[in-house]
There are 2 protein chains.
Amino acid sequence: MDPKNAADPAPSRQGRPRGSYAKSATTKAAILDAALAVFAEGGYRAGSLREVAARVGISETGLLHHFKSKSRLLELVLERRDELAAQFVPRPEPDGVQTMHGLIALAEFNASEPGSVELYCTLSAEATSPGHPAHLYFKRRYEGTRSALEYAFSNLLDRGLLAEGVTPDAAARATIALMDGLQVQWLFDRSALDMAAELRLHLMRITTLEL
Amino acid sequence: MDPKNAADPAPSRQGRPRGSYAKSATTKAAILDAALAVFAEGGYRAGSLREVAARVGISETGLLHHFKSKSRLLELVLERRDELAAQFVPRPEPDGVQTMHGLIALAEFNASEPGSVELYCTLSAEATSPGHPAHLYFKRRYEGTRSALEYAFSNLLDRGLLAEGVTPDAAARATIALMDGLQVQWLFDRSALDMAAELRLHLMRITTLEL
DNA sequence: GTCTATATGGCGATAGAC
DNA sequence: GTCTATCGCCATATAGAC
């Protein structure tokens with residue numbers, strides 16, 4: 001199949017580089033899928049390009065033709081996963097109550113996607129080490145999530161919907177911590193824990209909402 | 001220094017193997033210290049025996065003379081760290097209020113021992129993978145901690161000291177999750193978070209205690 | 001775009017001298 | 001108890017043919 005004659009998903013324009021044709025795009029997508037699974041199972045350091053290539057059914061060099069390095073591949077895997085999760089807690093969301101519902105929906109979604117949970121759990125812990133290729137990514141991500149949640153809880157505070165003595169900052173940190181910690185326990189025993197239910201109980205303790 | 005003439009920490013008895021003399025014991029302790037630091041920094045898989053040996057100042061074979069394999073070394077590191085932390089939440093503790101104070105003391109202790117926190121955070125996430133050498137250790141440990149805390153919260157429930165609608169089981173899981181999750185955030189930015197203070201706020205929300 | 005072949009290096013573990 | 005030397009394996013990444 002000659003790419004010049006293949007159906008082109010993005011209609012050709014003058015000056016557009018010739019690299020991005022259908023075959024390449026589907027191969028890249030397959031690589032990202034496999035890489036997410038491999039990094040999820042054992043983290044970044046334990047996951048190998050060899051394993052990713054084997055799952056896709058290409059050679060290591062074939063893989064490296066699309067992604068120049070292992071760390072670059074990781075970056076794109078994280079970016080891609082973010083796009084999936086973004087629909088659950090769209091930022092900015094002015095209504096704090098909506099954010100609370102979004103969090104619970106996210107927890108439910110996570111329970112149906114063990115791969116994503118594994119990826120984030122394993123990588124976030126691994127990336128606490130300053131030299132890790134995803135260190136900055138997670139640092140920024142935590143700060144972004146924290147400030148988004150603080151904003152949501154501030155909205156609830158303004159409307160008198162926060163429990164007594166709860167501050168938006170502490171509520172944001174505690175909620176993130178709870179979600180992260182529940183995921184670890186869930187990965188060790190997925191039948192023993194309902195992440196969304198536990199999160200709901202927590203949110204009902206720190207707010208006056210019925211969720 | 002001839003070991004036969006050295007002060008023997010465990011007085012010699014007939015039939016006792018000759019291996020365990022003072023020199024060996026101090027070397028082993030030094031190895032465990034170094035191994036804890038190395039495993040804490042990058043996890044088990046990324047940490048190397050080479051690095052441990054270099055920090056102790058011996059060769060890899062010298063190291064492997066004391067610990068037959070890398071995974072065996074990890075087991076002993078975990079055992080040793082457990083002995084240190086055991087004094088903070090001695091089990092069984094019949095008084096639930098005492099357990100709450102013990103948890104806060106543990107969080108304070110942890111903040112003074114970044115190495116221990118790194119070790120547990122990184123390893124517990126890495127060990128969610130079933131083939132990991134510490135998988136069973138963490139699975140048992142989570143169950144043990146959960147049941148110990150459930151017992152403590154049950155005691156509080158019996159004495160009418162639990163907040164409305166809080167069950168001992170959910171309280172135990174949520175408390176563990178919160179502590180774990182706070183540690184991750186703390187490792188990314190140690191100045192932004194007071195783990196003990198956040199834990200205290202959480203415990204005061206789910207109980208009627210003044211902590 | 002994908003391949004074979006290879007460079008380069010770190011890893012855990014063993015053999016055997018001292 | 002500690003060492004040097006080495007084995008065998010796996011890793012990332014590059015060079016160059018097709």
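Naming: A, B, ... by sequence-line order, numbering from 1 per chain.
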Applying side chain to side chain contact (heavy atoms under 4.5 Å, CB included) to A:T207 and not counting sequence neighbours gives A:F153, A:L156, A:L162, A:L209
In whole Å, what is the span from the NZ atom of A:K28 to the P atom of C:dG1?
8 Å
D:dT2 phosphate, OP1 or OP2: any side-chain N/O from B:H65 under 4.0 angstrom?
no
Has the side chain of A:T122 got a donor or acceptor atom that lies under 3.5 Å from a matching backbone atom of A:L119?
no
Would you say the ring centers of B:H132 and B:F138 fall short of 6.0 Å from each other?
no
Can you name the ring pair (Phe, Tyr, Trp, His ring centres under 6.0 Å) partners of B:Y137, sequence neighbours left out?
none
Test: A:R55 and A:E41 ion pair at under 4.0 Å:
yes
Angle by which the axis turns from one end of the helix from C:dG1-D:dC18 to C:dC18-D:dG1 to the other, five pairs per end, to 10 degrees:
0°
Check B:R80 with B:E83, please: is the shortest side-chain N to carboxylate O separation under 4.0 Å?
no
Is there any salt bridge (Lys or Arg N to Asp or Glu O under 4.0 Å) pair reaching into residues 172-189 of chain A, and which pairs are they, with sequence neighbours excluded?
A:D169-A:R173
Footprint string (nucleotides 5-18 of chain C, 5' to 3'): B base within contact, S backbone only, - free, heavy atoms under 4.0 Å:
B-----BBBBB---
Euclidean distance, atom CZ of residue A:R72 to atom P of D:dA13 [Å, nearest integer]
13 Å
Taking only residues two or more places apart in sequence or in another chain, which ones pass side chain to side chain contact (heavy atoms under 4.5 Å, CB included) with B:S147?
B:E143
Does C:dG1 have its OP1 or OP2 closer than 4.0 Å to a side-chain nitrogen or oxygen of A:S24?
yes
Given D:dT2, C:dC3, C:dG1, the nucleotide with the shortest approach to the side chain of A:H66
C:dG1
